[in-house]
Amino acid sequence: MTPFAKKVYKIVSVIPIGEVRTYKWVARKAGKPKASRAVGQILKRNHYPLIIPCHRVINSNNKIGGYVFGVNKKKLLLDMEKEILRCLGTRK
DNA sequence: CAAACTATTCAGC
DNA sequence: GCTGAATAGTTTG
């Protein structure tokens with residue numbers, strides 16, 4: 001576990017459901033605004049996918065970068081989380 | 001330690 | 001909108 005990775009994990013795990021953050025945003029929070037690519041790599045090779053909502057981390061322009069299970073799955077995942085929020089919030 | 005790789009980002013056209 | 005170059009960190013040898 002590298003220090004930078006640790007920061008990234010913590011930051012990403014703080015992202016709320018239904019929200020998305022960009023690699024740049026995470027990198028900036030980690031203290032390395034230029035390490036956006038490194039962030040993506042860490043998420044890709046992370047050993048704790050359960051505590052790291054990597055599907056909530058996308059590139060700029062709200063575009064999905066990549067995903068081990070497929071970009072389409074990632075997109076659906078985000079949409080699914082929105083429905084979860086709707087269930088919890090409006091309790092509909 | 002150095003080289004290669006990467007789910008990116010920015011600038012130029 | 002697409003192509004090319006640059007940045008920083010992880011991983012592997």
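Worth saying up front: this structure is predicted, and the values here are computed from it rather than measured. Letters A, B, ... are given to chains in the order of the sequence lines, protein chains preceding strands, and every chain is numbered from 1.
- Look at NZ on Lys29(A): it is 22 Å from P on dT8(B), rounded to the nearest Å.
- If you check residues 16-25 of chain A against DNA chain B, the residues with a heavy atom closer than 4.0 Å are Tyr23(A), Lys24(A), listed by number.
- For Asn59(A), counting side-chain heavy atoms from C-beta on, the closest listed nucleotide (dA8(C), dT8(B), dT6(B)) is dT8(B).
- Phe4(A) places its CZ atom 12 Å from the C1' atom of dT8(B), with the value rounded to the nearest Å.
- Under a hydrophobic-cluster definition in which Ile, Leu, Val, Met, Phe, Trp and Tyr are linked whenever side-chain heavy atoms come within less than 4.5 Å, directly or via other members, Ile51(A) and Ile15(A) are assigned to the same cluster.
- Phosphate contact (OP1/OP2 of dT10(C), side-chain N/O of Thr2(A), threshold under 4.0 Å): present.
- Within 4.0 Å of Gly66(A), counting heavy atoms only, lies at least one base atom of the nucleic acid.
- Base pairing of dA4(B) is made with dT10(C), judged by Watson-Crick or G-U wobble geometry with both donor-acceptor distances under 3.5 Å.
- Protein atom CZ of Arg28(A) is 19 Å distant from nucleotide atom P of dT7(C), rounded to whole Å.
- Under 3.5 Å, the side chain of Arg45(A) and the base of dA7(B) form no donor-acceptor pair of N or O atoms.
- Considering only side-chain atoms of Ser36(A), the nucleotide from dA8(C), dT9(B), dA7(B) that sits closest is dT9(B).
- The distance between atom OH of Tyr9(A) and atom C1' of dG9(C), rounded to the nearest whole Å, is 12 Å.
- Rounded to an integer number of Å, the gap from Arg37(A) CZ to dT9(B) P is 10 Å.
- Lys75(A) places its NZ atom 15 Å from the C1' atom of dA7(B), with the value rounded to the nearest Å.
- Note: CD1 (Ile42(A)) to P (dG9(C)) measures 9 Å, nearest angstrom.
- Across the protein-nucleic acid pair, Gln41(A) atom CD and dG9(C) atom P stand 12 Å apart, rounded to whole Å.
- Checked against dT11(C), dA7(B), dT9(B), the side chain of Val68(A) finds its nearest nucleotide in dA7(B).
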